[in-house]
Amino acid sequence: MKTYGTEPGAPTPVQVGISELVVSDGDDTLKSYGLGSCLAIALYDPQSGIGGLAHVMLPDGDAADNSDRKPGKYADTAIRALLRRMVEQGANYTAVEAKIAGGSDMFEFESFGDGVGQRNIAAAKEELEKLGVPLEAEDVGGEHGRTVEFTPGTGSLVVKTSDGDDENGVTEL
Amino acid sequence: MKLDVNALGTFYRMAREGAGIAAGRLTHMMGVETQVGVTKLNFMRGREIRRDFEDSTEKVGVRVKLTGAIEGYSVVVFERESAFRVVETLLAEAGPDAEIDGDVGEPDEFDEMTESAATEVGHIINSGFIDGWADVLEAVIDVSTPEFVEGVSAEPFFGDIDEAPGDDDLALLFQSRIETVGTEVGFNHYLFPKRESMSKLLERLRTSEGIEYDKLDGFDRMAERGAEEVAETATTLTGIDTSVEIRRLNFVSLEAIPEQVAEEKLVGVAFEFDGMPSGYLLFLFDEESAHEIVDAMVPMEVDEDGFGEMGTSAIKELGNIMASGFLDGWANVLDTTIDHSTPEFIHDMGAAAVDPVIIQLGENQDFAFVFDTVVVADGREFDCEVYAIPDESDLERALNNLDVDRIEDAKTTAEFQEVDTT
């Protein structure tokens, strides 16, 4: 859901919907709700505190026509777009680190083949490797949903599962 | 009149674009954060649109007549209280110099001042939408002066509009919701295009052979049968009296589908179905409803955390029979067979249950027709949301094969088996 007129320092976390990506240089919290097979990709530069979150849905944007218009939809193009926007805002490319969460396989349908979640995880890892961005932490796969909250300033990625409110359901990466 | 996915996709972009501009202007004017909620293209019958309005809340609307690239009416509808809150914020924003007649906090009536402020807000929102559409269409749309309307039924809002659909007519409705962040102000936006104007636009935007609009009408009637079948099955199996509360054919971007699902932990049963069309079918229950179903279907006391093996199996079984009923409804009308997979049980965040499906469909399509159905029970907890999301190219083919005259004769019957809860 897109919010218009967000004030700086506003307490409400910025929602990053499916196929969206948001870059921030403040203490904003970026939140993606209810990831199943979708993947949350968080990149940040620990020195400058600039970072961003993408909520990707498909692995391969290079093979799709509309990835120029919607880079946040695909793992590969989302990572490149995040990096570019972060560098534009003053992040240091070589310092950037990554964390990912999501990519569950909730259903075993025939049409899903090897699993839509697994394909997203593999694509993200491949692209990060290609660009030389170290993957610092991950909470991926399985058969459950996740909600993530990312604070670029600290690099903290909090992952909640649906048993969310007790301690077992919350992991900080 | 024919439509295709490309034309509908353009309409959808218009609605999104318009909602964005309207929200932006509202933010600017009121100095508050605003958020665009779900935007949908609905195919709704006149009767259902009118029923939507008859929830006994007082509403206030601002409507304008459109000419040019789109002809018809654009109407912004607020709940009365929302409208007052907006006006209050707006007048406060105007500063202490603004002349406020008395206390605007809890007024009973719109006076000249508040009515004119509400009209202004409504007009700015309408214009935002229209500017967004004009941008997408790269064409000029002319707008009449705004008209202030209030009432509790659809009558004052649409009663005198010739373009408003008759009870049985299927209308293409643009629906968007904008909310302010932190305060409870929200409104709905409706566009009633003139049929000829819509037909001309569709002709211009269509890039493929497309579907006859009348066939869509038949398809909707078919979905109605599916929904009734689900309610009947649920009643037979659980002994809980249920009925279809909402049944809508939406055209939305794939990304918008999970956004629409409740932000809580849900219990669901999912299927893939294969035939003409193929696609995915999901039944989602809130936890309370799911417990109620288990209590109704499993005769002995179940003392387990969560749903346990027996509860899970009961819900899967119910889902399985509802799925057969729903899909048989389709298959009978389409004169084909549609097979479905074994049920997959899920007890997790609602959105997480939907996103694998949209990911799979997203490989080949950006939009989807979603058959939204809500089945409810009187006096007891039984809320079931049904999402049927067919593969788009299959659906187009299935629609084209549809013999509209057949629909009235087609009977749907689900077979009831013994429920296996062991």
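Every chain is numbered from 1 and lettered A, B, ... according to where its sequence line falls, protein lines coming before strand lines.
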Please list all pairs passing the salt bridge (Lys or Arg N to Asp or Glu O under 4.0 Å) test where one or both residues lie in residues 272-288 of chain B, with sequence neighbours left out.
none
Would you mind checking which part of Arg146(A) comes under 4.5 Å of any heavy atom in chain B, side chain (CB onward), backbone (N, CA, C, O), both or neither?
backbone
Going through the distances and angles, do Arg119(A) and Glu363(B) end up as a side chain to side chain contact (heavy atoms under 4.5 Å, CB included)?
CA-CA 12 Å; Arg119(A) 292 205 293 272; Glu363(B) 299 272 3; 3.5 Å; yes
Quick one: closest heavy-atom pair of Tyr33(A) and Gly350(B), and the distance?
OH-N, 4.5 Å
Do any of residues 68-103 of chain A have a heavy atom less than 4.5 Å from a heavy atom of chain B, and if so, which, in residue order?
Lys70(A), Lys73(A)
For the residue pair Ser111(A) and Gln360(B), what are the closest heavy atoms and their distance?
O-NE2, 2.9 Å
Contact listing (chain B partner; residues 127-140 of chain A; heavy atom under 4.5 Å)
none
Atom CG in Asp355(B), atom OG in Ser37(A): separation rounded to 0.5 Å?
5.5 Å
Measure Pro258(B) against the heavy atoms of chain A and call it side chain, backbone, both or neither at under 4.5 Å.
side chain
Quick one: pull up CZ in Phe107(A) and OH in Tyr280(B) and give me the separation to the nearest 0.5 Å.
10.5 Å
Below 4.5 Å from any heavy atom of chain A, which atoms of Glu264(B) appear? Answer side chain, backbone, both or neither.
backbone
Could you tell me which portion of Ile359(B) (side chain, backbone, both or neither) has an atom closer than 4.5 angstrom to a non-hydrogen atom of chain A?
both
With a 4.5 angstrom heavy-atom cut-off, is it the side chain or the backbone of Thr147(A) that approaches chain B, or both, or neither?
both
Please classify the contact of Asp60(A) with chain B as side chain, backbone, both or neither, using a heavy-atom distance under 4.5 Å.
neither
Minimum heavy-atom distance Gly362(B)-Met57(A), with the two atoms named
CA-CE, 4.0 Å
Residue pairs, two or more places apart or on separate chains, that pass salt bridge (Lys or Arg N to Asp or Glu O under 4.0 Å) and touch residues 337-347 of chain B:
none
Nearest-0.5 Å distance, CD1 of residue Ile18(A) to CD1 of residue Ile358(B)
4.0 Å
Using every non-hydrogen atom in the two residues, find where Ser19(A) and Glu255(B) come nearest and quote the distance to one decimal.
OG-OE2, 2.7 Å
Measure distances from Glu143(A) to the heavy atoms of chain B and classify the residue's part below 4.5 Å as side chain, backbone, both or neither.
backbone
